[in-house]
Amino acid sequence: MNDTAKVFLEGGPDDLPDRVVPAPSPGPDVKIELRNGYEHFRPTSRRADTPQGELPVYEWWERTEMPG
């Protein structure tokens, strides 16, 4: 049984590889590397029903580009 905490990602690019990801640690935000940058998600007070159970919702709020 996998006891790793997970969160559901809402918004952001349509081509994110996964919408259910491990919960962030440390810190409150989730950062996903995608196409030479990072997609940033912040926690909300909402929860979502997913195939992996009811999970906290993290909402997309910005993209940052990698240097270079």
Q: Would you name the heavy atoms of P43 and P28 that are closest together and state the gap between them?
A: CD-O, 3.4 Å
Q.
To check you understand the geometry: which heavy-atom pair defines the closest contact between F8 and A48, and what is its length?
A. CD2-CB, 3.9 Å
Do [X] and [Y] have side chains that get closer than 4.5 Å, going by heavy atoms?
| X | Y | result |
| --- | --- | --- |
| P13 | W60 | yes |
| V7 | F41 | no |
| L55 | K6 | yes |

Without swapping roles, check the side chain of [X] against the backbone of [Y] for a donor-acceptor pair under 3.5 Å.
| X | Y | answer |
| --- | --- | --- |
| R19 | G11 | yes |
| R63 | L34 | yes |
| R47 | E54 | yes |

To the nearest 0.5 Å, what is the distance between [atom1] on [X] and [atom2] on [Y]?
| X | Y | atom1 | atom2 | result |
| --- | --- | --- | --- | --- |
| Y38 | M66 | OH | CE | 3.5 Å |
| L9 | E59 | CG | CD | 11.0 Å |
| D15 | R35 | CG | CZ | 4.5 Å |

Q: Establish whether V57 and V20 are linked, either directly or via other cluster members, by ILVMFWY side-chain heavy-atom contacts under 4.5 Å.
A: yes
